[in-house]
Amino acid sequence: QKEVEQNSGPLSVPEGAIASLNCTYSDRGSQSFFWYRQYSGKSPELIMFIYSNGDKEDGRFTAQLNKASQYVSLLIRDSQPSDSATYLCAVIVTGRRALTFGSGTRLQVQP
Amino acid sequence: GAVVSQHPSWVICKSGTSVKIECRSLDFQATTMFWYRQFPKQSLMLMATSNEGSKATYEQGVEKDKFLINHASLTLSTLTVTSAHPEDSSFYICSGADLAKNIQYFGAGTRLSVL
C-alpha cells in the first residue's frame with residue numbers, strides 16, 4: 001500500500017464548477033497535510049496546509065481533513081481554466097521531516 | 001510565502017561531467033533542506049535530507065558518492081551530480097523547511113539533460 005494515494009485523473013470539470021480532489025494516507029500518526037499545485041514543467045506551489053480535523057478555507061480553496069478516515073481533500077470553487085494543473089497531496093509521515101507525495105491528480109477545467 | 005532560489009534552472013551537460021545545483025533560502029533560515037527528483041509523469045521522490053553543518057541523510061537507493069550534498073550555511077545547500085549519465089536526466093527540486101511554520105517551500109527546479 002502506498003503511503004499517500006491519489007487518483008491520477010484526469011479530472012475534468014467545466015469552468016465555474018467545483019473541483020473535488022481526494023487523497024488517502026496510510027500512516028495514522030501523520031499530523032501535517034499539504035496540497036501543492038504543479039504546472040507542467042514547473043516546481044510545486046503550496047496552496048493549502050491543514051493540521052486539524054475539519055475544514056480550512058482560503059479564498060476559492062477549502063481543505064478538508066478527516067483523520068479517523070485518513071482522508072484529506074481539496075475543493076476548488078468557481079474553477080477557472082488557469083486552475084488546470086496537477087495537484088499533489090503531501091503528508092509528513094510519523095518520524096520523518098520530508099514530505100511524502102502522492103502521485104498527483106491532473107485537473108482539467110474546460111472553458 | 002517564503003522564497004527559495006534554485007539555479008541553474010536548466011542545464012545540459014556531456015556524459016561523465018559533474019553538475020552543481022544551488023538552493024538558497026532568501027528570507028528565512030533553513031536548517032534543513034530537501035532534495036527531490038521528478039521523472040516525467042511521476043511524482044516527486046525524496047533523494048536526501050540536507051542538514052546545516054552535518055552530513056546529509058540519503059534515501060535508500062540514492063548513491064551518496066554520486067549525489068554530493070553540502071549544506072555549509074543556514075541559507076545554502078548544494079547538490080552536485082558527479083559523473084552524470086543520461087539516466088540522471090531529470091527534474092531536480094530543492095525545498096527549504098521553515099520549521100517554525102512546519103512548511104516547505106520549493107525552489108523553481110533544475111532540469112538536467114545529460115547527453
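For the numbers below, each heavy atom of this structure counts, side chains included, while hydrogens, waters and symmetry mates do not. Worth saying up front: this structure is predicted, and the values here are computed from it rather than measured. Every chain is numbered from 1, with letters handed out A, B, ... down the list of sequences.
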### Query
What part of Arg97(A) is in contact with chain B, defined as an atom under 4.5 angstrom from a non-hydrogen atom: side chain, backbone, both or neither?
both
### Query
Just wondering, more than 12 heavy atoms not from Lys42(A) lying within 6.0 Å of its NZ?
no
### Ala85(A) versus Arg37(A), closest heavy-atom pair with distance
CB-CG, 3.6 Å
### Message
Would the distance check show the side chain of Gln6(A) and the main-chain N or O of Cys89(A) forming a donor-acceptor pair, the cut-off being under 3.5 Å?
### Response
yes
### Segment of Gln38(A) engaging chain B (4.5 angstrom heavy-atom cut-off)
side chain
### Test item: side-chain donor near acceptor, Gln80(A) and Asp78(A), under 3.5 Å
yes
### Task
With a 4.5 Å heavy-atom cut-off (strictly below), which parts of residues 36-45 of chain B touch chain A? List them by number.
Tyr36(B), Gln38(B), Ser43(B), Leu44(B)
#### Entry: Ring-face cation of Lys56(A) near Phe49(A) (centre distance under 6.0 Å, axis angle within 45°)
yes
### Winner by heavy-atom pair count (cut-off under 4.5 Å) against chain A, out of Ala97(B), Ser9(B), Gly109(B), Ala108(B)
Ala108(B)
### Task
May I ask you to name which of Gly41(A), Ser8(A), Gly104(A) has the most heavy-atom pairs under 4.5 Å with chain B?
Gly41(A)
### Query
Taking atom types as modelled and ignoring hydrogens, do the side chains of Thr49(B) and Trp35(B) form a donor-acceptor contact shorter than 3.5 angstrom?
no
### Hydrophobic cluster identity match, Leu99(A) and Tyr51(A), side-chain contacts under 4.5 Å
yes
### Task
Could you label the plane-to-plane angle of the Phe67(B) and Tyr92(B) rings as parallel, tilted or perpendicular, counting under 30° as parallel and over 60° as perpendicular?
tilted
